[in-house]
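Below is one structure, written out as structure tokens, with a few remarks after it.
In what follows, residues are counted from 1 in the order of the sequence shown.
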Amino acid sequence: KVSPLDAVMIYEEFSELLPPDERGNKIVEELTEHLVKADLLGRAGDLLNHQINHRLKGYDAFRVALRLAAIRLLDGQPDQAIAVLNLADMRYRELPEELQNEANHRNLSLLRANALSKQGHPDQALSMLAEMELTPQLNRLRAEIAWRASYWDDAGEALNDVIIDQNISLTRPLDEKNMNLLMQRAIALNLASDRVALANMREKYSDLMK
């Protein structure tokens with residue numbers, strides 16, 4: 001119920017009172033999310049980094065490392081995110097076989113592809129994603145990476161998959177999110193000089209966009 005800055009100041013002043021068990025870990029994670037919502041990303045990341053280095057083991061260390069990597073990416077620090085992901089990969093390989101599953105490996109790979117793209121390696125990132133099963137989350141990431149890299153053909157293709165995932169109704173008014181999505185793909189197709197695909201979009205969505 002206090003502000004994020006007050007919360008972290010209280011934590012830092014009285015951190016020796018933190019329970020040395022799961023209760024204490026939960027307090028730190030909740031405080032971290034409090035800081036993220038307030039855009040205090042550096043402070044949030046530092047809290048999780050301390051947790052990984054000094055308190056957490058096993059699956060919790062892996063899970064929190066993924067969250068830390070995501071925060072570092074939000075904070076515009078892809079190099080630090082890659083370093084954390086390398087640590088997360090080590091923790092992943094130490095997990096019991098039942099936890100070395102597709103979902104955990106996929107989360108690790110998606111974050112690594114995002115980090116690589118923000119390091120300036122979009123080709124490597126898109127190559128990683130091309131080997132993975134398509135999902136709405138992966139399609140959005142493909143679109144974001146291709147858009148940032150000005151790969152307009154790839155962006156148009158990925159955005160089409162995102163539009164399909166949205167299952168946009170042709171009989172109900174568009175919400176702002178889907179309106180912007182359609183506009184973004186139209187821009188990508190225009191920049192890619194893909195007149196055929198652009199004409200198809202115009203035919204299908206013109207009435208909705210009006």
Any ion pair linking Arg142 and Asp161 (charged N to carboxylate O, less than 4.0 Å)?
-> yes
The reported gap from CD in Gln77 to CZ in Arg72 (rounded to nearest 0.5 angstrom) is 5.5 Å
Hey, what do you get for CZ (Arg202) to CE (Met209), rounding to the nearest 0.5 Å?
-> 11.5 Å
Determine yes or no for a side-chain-to-main-chain donor-acceptor pair under 3.5 angstrom, with Thr32 supplying the side chain and Val28 the backbone.
-> yes
Cationic N near anionic O, under 4.0 Å, Asp175 to Lys177 | no
If you measure from the Lys or Arg side-chain nitrogens to the Asp or Glu carboxylate oxygens, is any gap between Arg55 and Glu22 under 4.0 Å?
-> no
Would Met183 and Val162 show up in the same hydrophobic cluster when neighbours are defined by side-chain heavy atoms closer than 4.5 Å?
-> yes
Are any of the side-chain nitrogens in Lys26 or Glu29 under 4.0 Å away from the carboxylate oxygens of its partner?
-> no
For the atom pair CG (Asn178) and CD1 (Ile163), what is the distance rounded to the nearest 0.5 Å?
-> 8.5 Å
With Leu68, the side-chain contact (heavy atoms from CB on, under 4.5 Å) member among Leu73, Leu47, Val84 = Val84
Between Val8 and Leu31, what is the shortest heavy-atom contact and its length?
-> N-CD1, 4.1 Å
Starting from the C-alpha separation in whole Å, work towards a yes-or-no answer on side-chain contact (heavy atoms from CB on, under 4.5 Å) for Asp194 and Trp152.
-> CA-CA 9 Å; Asp194 191 340; Trp152 305 122; over 6 Å; no
Value for OG (Ser3) from CG (Leu40), rounded to nearest 0.5 Å, stands at 9.0 Å
Do Trp147 and Leu191 share a hydrophobic cluster, counting only Ile, Leu, Val, Met, Phe, Trp and Tyr and linking them when any side-chain heavy atoms are less than 4.5 Å apart?
-> yes
Leu18 vs Tyr11 side-chain heavy atoms within contact, under 4.5 Å | yes
Could you tell me whether the side chains of Asn49 and Asp46 share a donor-acceptor contact shorter than 3.5 Å?
-> no
First locate atom CD of Gln137, then atom CE of Met132, and finally report the distance between them rounded to the nearest 0.5 Å.
-> 8.5 Å
Return the minimal non-hydrogen interatomic distance between Gly156 and Ala188, and the atom names on each side.
-> N-CB, 4.0 Å
Taking every non-hydrogen atom, the tightest pair across Leu66 and Leu111 = O-CD1, 3.5 Å
Are Leu170 and Met179 connected in the hydrophobic side-chain network, where two residues link if heavy atoms are under 4.5 Å apart?
-> yes
Do Arg106 and Thr135 have side-chain atoms, one donor and one acceptor, less than 3.5 Å apart?
-> yes
Does atom CZ of Arg195 have more than 12 heavy-atom neighbours from other groups under 6.0 Å away?
-> yes
Option among Arg112, Gln124, Arg148, Glu144 that satisfies the side chain to side chain donor-acceptor pair (under 3.5 Å) test with Ser117 | Arg148
Nearest heavy atoms of Ala88 and Phe62, plus distance in Å = O-CD1, 3.3 Å
Taking Gln100 for its side chain and Arg93 for its backbone only, find out whether a donor-acceptor pair lies under 3.5 Å.
-> yes
Residues at least two apart in sequence or cross-chain that pass side chain to side chain contact (heavy atoms under 4.5 Å, CB included) with Asn160, listed by chain then number, are Ile164, Arg185
Please check if Tyr205 and Leu181 belong to a single hydrophobic cluster, counting links between Ile, Leu, Val, Met, Phe, Trp and Tyr side chain heavy atoms closer than 4.5 Å.
-> yes
Donor-acceptor under 3.5 Å (Asn180 side chain, Glu176 main chain) | yes
Does Glu97 CD have over 12 foreign heavy atoms under 6.0 Å away?
-> no
Would a 4.5 Å heavy-atom cut-off, applied to side chains only, mark Ser109 and Met128 as touching?
-> yes
Considering all heavy atoms of both residues, which atom of His34 and which atom of Ala7 are nearest to each other, and what is their separation?
-> CD2-CB, 4.0 Å
Would a hydrophobic clustering, with Ile, Leu, Val, Met, Phe, Trp and Tyr connected at side-chain separations under 4.5 Å, put Leu189 with Tyr151?
-> no
Counting only heavy atoms not in Glu203, do more than 12 fall under 6.0 Å of its CD?
-> no
What do the steps show when you test Asn86 against Asp89 for side chain to side chain donor-acceptor pair (under 3.5 Å), and what is the final call?
-> CA-CA 5 Å; Asn86 290 339; Asp89 188 50; over 6 Å; no
Side-chain (Asp21) to main-chain (Arg23) donor-acceptor, under 3.5 angstrom = yes
Not counting sequence neighbours, list each pair that qualifies as a ring-ring contact (aromatic ring centres under 6.0 Å, His included) and has a residue in residues 103-130.
-> Tyr92-His105
Are any of the side-chain heavy atoms of Ile168 and Leu182 separated by less than 4.5 Å?
-> yes
Which atom names give the shortest non-hydrogen contact between Ala115 and Leu85, and what distance separates them?
-> CB-CD1, 4.2 Å
Ion pair Arg63/Asp60, N-O distance below 4.0 Å = yes
About how many Å separate CD1 of Ile71 and CG of Leu35, when rounded to the nearest 0.5 Å?
-> 9.0 Å
